[in-house]
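Here is the structure we will look at.
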Amino acid sequence: MSIPDIKSQAEQKMQQSVESFKHALTKIRTGRANPGLLDTVHVDYYGAMVPISQVANVALLDARTISVAPWEKGMGAKIEKAIRDSDLGLNPASQGDLIRVPMPAMTEERRKELTKVVRGEGEHAKVAIRNLRRDANDGVKKLVKEKLASEDDERRAHDEVQKFTDRFIAEVDKLVAGKEQDIMAV
């Protein structure tokens, strides 16, 4: 493996860490409704556990209400039970074929807890990025040890890896600040 390969691989993995962090943030509930909130809820569909999005249309009715429209008549009760049994703290209500999932108002204490959770997730993402930086630097050192690269190449590679590490960590910090603002603003 060459130095450019090591750098590009590290950069791709760091980008994946940021994307994974963004996905984790969608699961952290603010007072605002988000259809992605129900992505983790699975419902029994003829013996198989499948995400709600595969058996119903999930959309927003307004800023604080998610609507779930099952594609089959008999699925409404199962979907409602799956949402109620999930650890999201949501209480769905049926309205004919449509299931309405209102977002409960958040207390100040709960908001502070959620900001701590967001910061913790952000720190996990930063640790993952730093570990990838370490792995890339170790790979470059190994090439220098095997005399496949010079020490000047090593220094340049370390500097470049550090630059995109800093860029991705700044992006994680920006995402954390944005999510905290969402949580506290509602």
* To do: Kindly compute the distance separating OG (S53) from NE2 (H42), expressed to the nearest 0.5 Å.
  => 8.0 Å
* Ion pair present between K179 and D182, side-chain N to carboxylate O less than 4.0 angstrom? -> no
* Structure fact -> Sorted by chain and number, sequence neighbours left out, side-chain contact (heavy atoms from CB on, under 4.5 Å) with H124 holds for none
* Asked: With a 4.5 Å heavy-atom cut-off, do V18 and I129 have their side chains touching?
  -> yes
* Does any non-hydrogen side-chain atom of L143 lie less than 4.5 Å from one of I6? -> yes
* Mind checking what makes salt bridge (Lys or Arg N to Asp or Glu O under 4.0 Å) contact with D138, not counting sequence neighbours? -> none
* With rounding to the nearest 0.5 Å, note down the distance linking CD in Q162 to OG1 in T165. => 5.0 Å
* Asked: Which is it for M49 and V43 under the side-chain contact (heavy atoms from CB on, under 4.5 Å) test, yes or no, and what are the steps along the way?
  -> CA-CA 5 Å; M49 296 304 283; V43 64; 5.9 Å; no
* Which heavy-atom pair separates V50 from Y45 by the least distance, and what is that distance? -> CG2-CB, 3.6 Å
* Are I79 and L98 connected in a single hydrophobic cluster, I mean Ile/Leu/Val/Met/Phe/Trp/Tyr linked by side-chain heavy atoms less than 4.5 Å apart? -> no
* Asked: Is a salt bridge present between E11 and R167, judged by a nitrogen-to-oxygen distance below 4.0 Å?
  -> yes
* To do: Flag the pair K116 and E121 as a salt bridge only when some basic side-chain nitrogen lies within less than 4.0 angstrom of an acidic carboxylate oxygen.
  => no
* To do: Give, for atom CG of L114 and atom NZ of K112, the distance between the pair rounded to the nearest 0.5 Å.
  => 12.5 Å
* To do: Check whether any side-chain heavy atom of L60 lies under 4.5 Å from a side-chain heavy atom of S67, and answer yes or no.
  => no
* Starting at CD of Q16, measure out to NE2 of H23 and round the result to the nearest 0.5 Å. => 14.0 Å
* **Joint hydrophobic cluster, V176 plus V127, side-chain heavy atoms closer than 4.5 Å** => no
* Asked: Nearest 0.5 Å, what's the CD-CG distance between Q95 and L61?
  -> 8.0 Å
* Does CD in E151 sit with more than 12 non-hydrogen atoms of other residues, nucleotides or ligands closer than 6.0 Å? -> no
* Audit row: E154, N137, side-chain contact (heavy atoms from CB on, under 4.5 Å) steps and yes/no -> CA-CA 8 Å; E154 178 186 17; N137 287 342; over 6 Å; no
* Structure fact -> Applying side-chain hydrogen bond (donor to acceptor under 3.5 Å, both in side chains) to Q54 and not counting sequence neighbours gives none
* For residues F168 and K126, determine if any side-chain heavy atom of one lies less than 4.5 Å from a side-chain heavy atom of the other. => no
* Asked: Is there a path from V144 to L148 through hydrophobic residues (I, L, V, M, F, W, Y) whose side chains come within less than 4.5 Å of each other?
  -> no
* Asked: Of the non-hydrogen atoms in G122 and V172, which two are nearest, and what is the gap between them?
  -> O-CG1, 3.6 Å
* Within-4.5 Å side-chain heavy-atom neighbours: L90 and M103 -> yes
* Structure fact -> Closest non-hydrogen atoms of P70 and G76, given as atom of the first, atom of the second and distance, are CG-CA, 3.8 Å
* To do: State plainly whether the residues R156 and D153 are in salt-bridge range, i.e. N to O under 4.0 Å.
  => yes
* Structure fact -> By side-chain hydrogen bond (donor to acceptor under 3.5 Å, both in side chains), D39 pairs with (sequence neighbours left out) none
* To do: Using a 4.5 Å cut-off on heavy atoms from C-beta on, say whether the side chain of T65 contacts that of V101.
  => no
* Asked: Once you round to the nearest 0.5 Å, how far does CE of M14 lie from CG of L132?
  -> 5.5 Å
* Please tell me if the side chains of K22 and L175 come closer than 4.5 Å, counting only heavy atoms from C-beta onward. => yes
* Do Y46 and E72 have side chains that get closer than 4.5 Å, going by heavy atoms? -> yes
* **More than 12 heavy atoms from other groups under 6.0 Å of CG on D97** => no
* **K81: partners by side-chain hydrogen bond (donor to acceptor under 3.5 Å, both in side chains), with sequence neighbours left out** => D85
* Asked: What's the shortest heavy-atom distance between T115 and E180, and which atoms?
  -> O-OE2, 3.9 Å
* Take I66 and V58, measure what side-chain contact (heavy atoms from CB on, under 4.5 Å) needs, and give me the verdict at the end. => CA-CA 7 Å; I66 299 172; V58 181; 3.8 Å; yes
* Structure fact -> The side-chain hydrogen bond (donor to acceptor under 3.5 Å, both in side chains) partners of E80 (sequence neighbours excluded) come to R84, S94
